[in-house]
Amino acid sequence: MTSPARRHLLRQSAIEAAQQDTSLLRHATGYELLLQKLNADQKALKKAYSAEKKAELKRKMLPEYAPWVAGVLAEGKGAQDAILMTIMIWRIDAGDYAGALEIARYALHYKLAMPFGKRPAGYALAEEIADMSTRAHAAGEPVSLDVLMTTMELTESHDMPDQVRAKLHKITGYLYRDAEKLPLALQHLKRAFQLNSNCGVKKDIERLESAIKKAASS
């Protein structure tokens with residue numbers, strides 16, 4: 001567990017580092033030290049095969065990075081930050097969607113890049129949240145419409161494959177359907193089909209249209 005003194009030190013280090021020029025951030029002592037810890041944690045995660053186990057480990061690791069994230073979000077000026085961007089994805093994996101979106105607002109505003117893979121930040125955010133929400137919904141677990149709608153709003157102007165945006169609309173449509181808000185469900189499922197005709201919503205659209213017509217006639 002991080003001590004109050006260490007939390008304060010990390011937060012102040014993050015503030016100082018985040019206010020530097022992007023090219024200088026990698027030389028910040030606090031940043032380098034925490035980056036070493038991140039690398040060690042990533043190696044530990046690679047030893048786990050189970051996605052559930054990895055998520056459990058991330059939930060235990062995340063509090064150690066919270067002071068750094070808080071400092072960057074409070075005082076940052078857009079310096080590229082591999083720690084921050086990694087934690088954004090970890091929070092999604094750990095089920096902390098609100099925390100991930102908190103970072104995303106900052107990251108997308110300053111056009112920060114992902115430190116791994118080829119996906120831009122908006123693309124990565126949309127796909128990870130859509131996939132995690134879809135799996136949770138299939139398992140009968142609660143999924144937040146607010147999270148999905150916020151993700152759509154934040155990534156509306158960001159380039160990504162149509163199939164990825166279709167995933168967001170598909171799961172959003174299913175949640176509106178579950179809430180018996182059929183016109184909104186139909187709107188999102190039609191948009192998903194428009195973006196990707198192979199996304200598996202054609203029959204759902206037909207059933208929704210039939211249900212809406214039946215409700216209107218009665």
Side-chain angles (χ1 to χ4, degrees), residues 1-46 54-55 57-132 147 150-161 164-165 168:
M1 183 178 293
T2 308
S3 68
R6 178 165 170 76
R7 286 198 298 270
H8 177 73
L9 178 62
L10 279 175
R11 182 183 171 91
Q12 289 306 117
S13 296
I15 291 172
E16 292 170 9
Q19 289 181 335
Q20 295 186 54
D21 180 81
T22 301
S23 62
L24 300 177
L25 179 54
R26 61 190 179 88
H27 300 298
T29 302
Y31 180 80
E32 288 288 355
L33 290 174
L34 197 59
L35 194 58
Q36 289 176 16
K37 173 175 171 49
L38 180 65
N39 290 334
D41 284 345
Q42 287 174 320
K43 288 179 181 178
L45 287 167
K46 287 180 180 178
K54 287 179 187 288
L57 287 171
K58 287 174 181 176
R59 280 191 284 271
K60 292 178 180 178
M61 295 170 177
L62 280 169
E64 296 286 336
Y65 299 91
W68 179 271
V69 171
V72 173
L73 298 185
E75 304 289 344
K77 295 183 179 179
Q80 181 59 39
D81 189 329
I83 296 169
L84 185 75
M85 300 307 286
T86 300
I87 297 307
M88 181 181 79
I89 299 300
W90 281 18
R91 283 183 172 182
I92 297 173
D93 295 339
D96 181 11
Y97 302 117
L101 290 173
E102 183 182 28
I103 295 175
R105 289 185 182 91
Y106 174 91
L108 297 180
H109 174 73
Y110 285 110
K111 299 182 173 64
L112 301 192
M114 298 302 300
F116 47 80
K118 297 181 179 179
R119 297 179 300 177
Y123 171 1
L125 176 74
E127 186 163 45
E128 294 298 325
I129 284 187
D131 286 347
M132 290 292 288
V147 164
T150 300
T151 303
M152 283 190 193
E153 291 169 9
L154 287 174
T155 61
E156 184 177 7
S157 63
H158 291 260
D159 187 32
M160 67 187 72
V164 172
R165 205 176 296 279
L168 271 178

For a quick test of reading the model, state the closest non-hydrogen atom pair linking [X] to [Y] and the distance between them.
X      : Y      : answer
Leu108 : Leu154 : CD1-O, 3.6 Å
Pro115 : Met85  : CD-CB, 3.5 Å
Leu125 : Ala104 : CD2-CB, 3.6 Å
Leu168 : Ala126 : CD1-CB, 3.8 Å

>> Show every side chain to side chain donor-acceptor pair (under 3.5 Å) that has at least one partner inside residues 95-104, sequence neighbours left out.
In response: none
For a 4.5 angstrom cut-off between non-hydrogen side-chain atoms, does [X] reach [Y]?
X     : Y      : value
Val69 : Leu62  : no
Ile89 : Met114 : yes
Gln42 : Thr86  : yes

Any donor-acceptor pair under 3.5 Å linking the side chain of [X] with the backbone of [Y]?
X      : Y     : result
Lys54  : Leu45 : yes
Tyr106 : Gly78 : yes
Glu128 : Ile92 : no

Could you give the distance from [atom1] ([X]) to [atom2] ([Y]), rounded to the nearest 0.5 Å?
X      : Y      : atom1 : atom2 : answer
Glu153 : Leu101 : CD    : CG    : 10.0 Å
Asp93  : Leu57  : CG    : CG    : 11.5 Å
Tyr123 : Asp159 : OH    : CG    : 9.5 Å
Leu33  : Trp68  : CG    : CH2   : 9.5 Å
Ile87  : Lys58  : CD1   : NZ    : 9.0 Å

> Of all residues at least two apart in sequence or in a different chain, which pass the side-chain contact (heavy atoms from CB on, under 4.5 Å) check with Asp41?
Replying inline: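 Once residues adjacent in sequence are excluded, the partners of Asp41 under the side-chain contact (heavy atoms from CB on, under 4.5 Å) criterion are Lys37, Met61, Tyr65, Trp90.
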> If you measure from the Lys or Arg side-chain nitrogens to the Asp or Glu carboxylate oxygens, is any gap between Glu127 and Arg165 under 4.0 Å?
Replying inline: no
>> Tell me which one of Thr150, Thr155, Val147 satisfies side-chain contact (heavy atoms from CB on, under 4.5 Å) with Ile129.
In response: Val147
